[in-house]
Asks: 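First the structure, then my questions, so here it is.
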There are 2 protein chains.
Amino acid sequence: MTTNQKTAAQPPETGLAHERVYRTLRHQVMFGELPPGEALTLRGIGTSFNVSMTPAREAVRRLVAEGALSMSASGRITTPEIGNDRLEELAAIRALLEPELACRALPRAHPALIDRLRSINSTVDQMVVKQDASGYIRSNLEFHRTLYLRAQAPAMLAMVETLWLQLGPTMRQLYSRMQRGGRLGHHRAILAALRAGDEQALKLAVREDVTQGLRMLSV
Amino acid sequence: MTTNQKTAAQPPETGLAHERVYRTLRHQVMFGELPPGEALTLRGIGTSFNVSMTPAREAVRRLVAEGALSMSASGRITTPEIGNDRLEELAAIRALLEPELACRALPRAHPALIDRLRSINSTVDQMVVKQDASGYIRSNLEFHRTLYLRAQAPAMLAMVETLWLQLGPTMRQLYSRMQRGGRLGHHRAILAALRAGDEQALKLAVREDVTQGLRMLSV
DNA sequence: TGGCTTGAATTGTGATCACAAATTTCGGGT
DNA sequence: ACCCGAAATTTGTGATCACAATTCAAGCCA
């Protein structure tokens, strides 16, 4: 069966309908709660959120434009299945943009920020031991976003988040094999470089952290 | 008056309606045919293309998601007005991605491609003497796209094209003051580096070409 | 003259419907 | 068993309508 049901918050939600649908679907995709290739329908989304097809269509159109969802030539909607070549590309873009964001954040990285990052990183570790893939992705991205917010580069951050979105459905299975291999202390290296104010070390640590997922794919 | 009329091709167009609207508007924005801050309305777009509001809404939603159009909190649609800080950011992203694309294209740059680039570049020069801003933008971007297509990196190219889209409305006035100042032979430097197979020189030339527009803004 | 209020027009949002294309399902033939 | 074809269902697309919010304009008062 391809119909999709999802318990949606129905009474107190504020804001426009299509934005609520958009935001919820966006989170589900970004945090890997939907497997790659999952089929969605406008009517299914509509009934899930207690709205008509119209706002569902707008939300989906928006997500397709951002690469969070795929659309076949006939208009069928699925979560994207990322091929290896595309995955390599997206990782390469991350490896270009995220060190730059980290660099721009470096002069503004107060001790309070570093402490907050340390706290988030402990949450990441908790998610690893809890085998919570979605929670791991969520807290890992929060670690990066918290750092990059200090860069005061909203356009660059938005672009990076678009990359995270596109990688979302693939990340889950990618990080499922992460247990055995990777999970080296890249985040700790990032924190150390921040404390030391070492720009080159920071760039390197971020690049390593970003490309780690790709490396275990080629094994 | 805020109503907008546009003579649109009406009879032979194939494909879905919203995609025809999307493609036309996208070109108009990317090539700087719409000034920054231009107001658009769904009904106006609809009547321009002889379609209802529905496909107009989808096209606009898609373009807003790509940053080609802006939407106020109340839903009003305008072409984006780029502030200096955002402009600096977008140029920085271009300066990161486009040299990488050029590098990836370098090993695949046959002499035939270089000839084609030379031909496009002569068109660029023609547009400069003709004072055709839109034609200049179009041919200039075609120069870059033709090169980057050889990189076989569709995701990266798509991301760069999104940047061009966002810069579209601003580019026109940016390049209007280009006559007096810039227009150094960056493209020629790119061609020379391609012929020589010099990766570092290519990276530098592309970066210079990309950031030239920004430099004349800070004057 | 300048600023504010009120009314009319404009505009985006969301629901509903008809329609065509595609997918799926099911049955018969080899 | 397997493959193929026709019917039935599902699905996206586009049009139309009602509605609320916003915007704009005229007009009034200070």
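Lettering of chains follows the sequences in order, A, B, ..., and the numbering in each one begins at 1.
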Asks: I need the CD1-C1' distance between A:I45 and D:dG12, as an integer number of Å.
Replies: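 Whole-Å distance recorded here is 12 Å.
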Asks: Whole-Å distance between C:dA15 P and A:H18 NE2?
Replies: 12 Å
Asks: At less than 3.5 Å, do the side-chain atoms of B:R43 and the base atoms of C:dG12 form a donor-acceptor pair?
Replies: yes
Asks: If I take atom CE in residue A:M71 and atom C1' in nucleotide C:dA21, what distance separates them, rounded to the nearest angstrom?
Replies: 14 Å
Asks: Is there a side-chain contact between A:T54 and the phosphate of C:dG14, meaning an N or O under 4.0 Å from OP1 or OP2?
Replies: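 No, outside the criterion.
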Asks: Should A:R61 be listed as having a side-chain N or O under 4.0 Å from OP1 or OP2 of D:dT13?
Replies: yes
Asks: Check whether the side chain of B:R57 and the base of C:dG14 form a donor-acceptor pair under 3.5 Å.
Replies: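 Answer is yes: a donor-acceptor pair is held.
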Asks: If you assign A:P55 and A:S72 each to the DNA chain C nucleotide with the nearest heavy atom, which residue ends up on the more 5' nucleotide?
Replies: A:P55
Asks: Looking just at side-chain N and O atoms, do A:E66 and A:Y22 make a donor-acceptor pair shorter than 3.5 Å?
Replies: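 Yes, because at least one side-chain N or O of A:E66 sits under 3.5 Å from a partner of the opposite role on A:Y22.
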Asks: Under 4.0 Å between a side-chain N or O of A:S52 and OP1 or OP2 of C:dA15?
Replies: yes
Asks: Just how far, in rounded Å, is P of D:dT22 from CD1 of B:I77?
Replies: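 Atom CD1 in B:I77 sits about 16 Å away from atom P in D:dT22.
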Asks: Would you say the side-chain atoms of B:N140 and B:H187 include a donor-acceptor pair closer than 3.5 Å?
Replies: yes
Asks: Give the C-alpha distance, both sets of side-chain angles, the deciding distance and a yes or no for salt bridge (Lys or Arg N to Asp or Glu O under 4.0 Å) between B:E98 and B:R207.
Replies: CA-CA 7 Å; B:E98 300 201 27; B:R207 168 176 267 109; over 6 Å; no
Asks: Measure the distance from CZ on B:R62 to C1' on D:dT13 and round it to the nearest whole Å.
Replies: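 Answer to the nearest Å: 14 Å.
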Asks: When the ring planes of B:H144 and B:W164 are compared, do they come out parallel, tilted or perpendicular, using 30° and 60° as the limits?
Replies: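 The arrangement is perpendicular - the two ring planes meet at more than 60°.
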Asks: Could you state the CD-P distance from B:E58 to D:dG12, rounded to the nearest angstrom?
Replies: 11 Å
Asks: Write down the distance between CZ (A:F49) and P (C:dA15), rounded to a whole number of angstrom.
Replies: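 In whole Å, C:dA15 P lies 13 Å from A:F49 CZ.
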Asks: Pairing donors with acceptors under 3.5 angstrom, does anything connect the side chains of B:R61 and A:H18?
Replies: yes
Asks: What is the distance, to the nearest angstrom, from the CG atom on B:L42 to the C1' atom on D:dA15?
Replies: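 Atom-to-atom, B:L42 to D:dA15, this comes out as 14 Å.
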Asks: Between A:R76 and A:M53, which is nearer to the 5' end of DNA chain C once each is assigned its nearest nucleotide?
Replies: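 Nearest nucleotide further toward 5': that of A:M53.
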Asks: If only side-chain N and O atoms of B:S74 are considered, is one of them under 4.0 Å from the OP1 or OP2 phosphate oxygen of D:dT23?
Replies: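 Indeed, a polar side-chain atom of B:S74 lies that close.
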